[in-house]
Amino acid sequence: MAISYNILDLGKVGYHEAWEIQKKLQSKRIQGQINDQFLLVEHPPVYTIGKNAPLDDLLIKDVDDILIVQTDRGGKITFHGPGQVVGYPIIDLNNHKRSVSWYMRELEQLIMNVLSDYNIRSQRKKGLTGIWVDDKKIAALGVRISRWVTMHGFSLNINPDLSYYKGIVPCGITDFGVTSMAEILGKKCPKISDIKLKIIKYFTSQFSIGEN
């Protein structure tokens with residue numbers, strides 16, 4: 001069963017605005033009013049706190065230059081900001097597999113495929129969510145699923161200001177660091193617009209055919 005998608009590149013948009021858009025689209029998708037959606041955004045600097053995140057993972061309590069948002073997604077605390085591509089799939093897993101773990105692994109594989117196109121060798125770490133280059137995390141994942149329709153998603157570090165990660169315990173992990181494509185590739189780091197095209201390519205190929 002072939003599946004069609006509506007791809008929405010929202011550009012730079014505030015976290016709350018993108019969240020409201022996701023909630024509306026998820027509700028419409030659950031009711032069968034729209035097809036699957038795939039949103040791509042960049043956010044102004046924001047720390048987002050997942051449902052399972054201890055507040056101690058927020059190391060900086062008083063900040064003026066960054067928003068702090070308690071979210072309804074899974075996972076712990078992470079950072080979003082300029083230079084980072086965030087993908088929000090609103091898809092009905094009833095048309096694929098009713099499996100959260102399958103969905104998360106597919107998102108991870110998408111990111112690994114994109115990085116491979118730029119000769120970046122990445123991998124998963126056993127027991128942890130996300131994508132890593134050696135011992136540094138380059139992509140984070142956190143989702144919310146209602147009636148098997150997804151929202152929230154993943155973030156891939158292209159060239160963000162990595163100093164923001166010093167204000168948190170990223171994803172609750174203290175043993176490993178954080179990196180970006182720019183840190184790895186230097187001047188060879190591609191433009192965000194080019195990477196978005198790669199993300200769309202792999203997303204549509206991986207999720208274009210349903211399992212049922």
Side-chain angles (χ1 to χ4, degrees), residues 2-15 17-19 21-22 25 35-46 48 66 73 78-91 96 103-125 129-143 150-165 170-171 176-209:
I3 298 172
S4 61
Y5 290 92
N6 186 29
I7 308 296
L8 299 172
D9 186 347
L10 301 182
K12 295 182 179 179
V13 61
Y15 187 83
E17 181 181 351
W19 192 6
I21 291 171
Q22 288 184 76
L25 291 176
N35 292 332
D36 289 342
Q37 312 282 308
F38 185 39
L39 284 60
L40 290 171
V41 306
E42 278 185 84
H43 290 308
V46 56
T48 66
I66 185 166
R73 63 165 172 79
T78 194
F79 164 75
H80 297 312
Q84 181 191 76
V85 173
V86 183
Y88 293 133
I90 313 293
I91 66 175
H96 298 278
Y103 177 59
M104 299 295 276
R105 301 298 83 77
E106 287 294 308
L107 292 181
E108 289 172 344
Q109 188 61 53
L110 181 162
I111 295 163
M112 293 172 68
N113 290 342
V114 171
L115 293 173
S116 179
D117 279 357
Y118 296 104
N119 297 313
I120 297 176
R121 297 183 63 181
S122 61
Q123 65 276 331
R124 301 177 177 91
K125 281 190 179 292
T129 300
I131 294 301
W132 309 75
V133 178
D134 296 324
D135 283 335
K136 293 184 176 181
K137 196 168 192 176
I138 195 168
L141 285 76
V143 304
T150 68
M151 64 180 288
H152 297 294
F154 65 86
S155 60
L156 173 61
N157 289 343
I158 314 301
N159 60 350
D161 182 351
L162 296 178
S163 67
Y164 279 107
Y165 285 97
C171 303
F176 306 113
V178 179
T179 191
S180 67
M181 294 180 69
E183 187 173 68
I184 297 166
L185 298 175
K187 293 181 180 180
K188 295 182 179 180
C189 185
K191 296 186 294 185
I192 287 181
S193 57
D194 293 336
I195 296 170
K196 284 181 178 179
L197 292 177
K198 295 278 190 182
I199 291 172
I200 292 170
K201 169 190 169 183
Y202 284 114
F203 179 85
T204 53
S205 66
Q206 284 181 231
F207 292 98
S208 63
I209 304 298

Using modelled atom types and a 3.5 Å cut-off, is there a donor and acceptor pairing between side-chain atoms of [X] and backbone atoms of [Y]?
X      : Y      : value
Asp134 : Lys136 : no
Gln84  : Glu42  : no
Thr150 : Ile91  : yes

Is the closest side-chain heavy-atom distance between [X] and [Y] below 4.5 Å?
X      : Y      : value
Ile131 : Lys137 : no
Lys12  : Val41  : no
Asn157 : Val85  : no
Leu40  : Val86  : no
Trp19  : Thr48  : no
Phe79  : Leu162 : no
Ile138 : Trp132 : no
Tyr5   : Asn35  : no

For residues [X] and [Y], report the shortest heavy-atom separation together with the two atoms involved.
X      : Y      : value
Ala139 : Leu156 : CB-CD1, 4.2 Å
Thr78  : Ala140 : OG1-CB, 4.1 Å
Leu10  : Val13  : CB-CG1, 4.2 Å

Query raised in the report: In Å, rounded to the nearest 0.5 Å, how long is the span from OG1 of Thr204 to CG of Asp36?
Result: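 If I round to the nearest 0.5 Å, the distance is 12.0 Å.
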Requested in this report: Please round to the nearest 0.5 Å and tell me the distance separating atom CG of Asp9 and atom CG of Leu39.
Outcome: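 Between Asp9 CG and Leu39 CG, I get 9.0 Å after rounding to 0.5 Å.
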**Report entry** Pairing residues for His43 by the ring pair (Phe, Tyr, Trp, His ring centres under 6.0 Å) criterion, not counting sequence neighbours
**Finding:** Tyr15, His80, Tyr88
Query raised in the report: With sequence neighbours left out, what residues match Asn6 under side-chain contact (heavy atoms from CB on, under 4.5 Å)?
Result: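 Checked Asn6 against side-chain contact (heavy atoms from CB on, under 4.5 Å); matches are Leu8, Gln37.
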Report summary line: For Asn119, the side-chain contact (heavy atoms from CB on, under 4.5 Å) test, sequence neighbours excluded, returns none
Report task. Would you confirm whether the ring centroid of Phe38 sits within less than 6.0 angstrom of the ring centroid of Phe207? Result -> no
Query - Trace of the side chain to side chain contact (heavy atoms under 4.5 Å, CB included) decision for Met151 with Val143 - result: CA-CA 6 Å; Met151 64 180 288; Val143 304; over 6 Å; no
Query raised in the report: What pairs of residues pass the salt bridge (charged side-chain N to carboxylate O under 4.0 Å, His left out) test when at least one of them lies in residues 104-115, not counting sequence neighbours?
Result: Arg105-Glu108, Glu108-Arg124
Name every donor-acceptor pair, under 3.5 Å, that has one atom in a side chain of residues 110-118 and the other anywhere in the protein, sequence neighbours excluded.
unit_1	atom_1	unit_2	atom_2	d
Asn113	OD1	Gln109	NE2	3.0
Asn113	ND2	Gln109	O	3.3
Asn113	ND2	Gln206	OE1	3.3
Asp117	OD1	Tyr202	OH	3.1
Asp117	OD2	Lys198	NZ	3.2
Asp117	OD2	Tyr202	OH	2.9

Query - Residue pair His152, Ile90: steps toward the side chain to side chain contact (heavy atoms under 4.5 Å, CB included) verdict - result: CA-CA 8 Å; His152 297 294; Ile90 313 293; over 6 Å; no
With a cut-off of 3.5 Å and sequence neighbours excluded, list every side-chain donor-acceptor pair involving residues 178-194.
unit_1	atom_1	unit_2	atom_2	d
Thr179	OG1	Glu183	OE1	2.5
Ser180	OG	Glu183	N	3.1

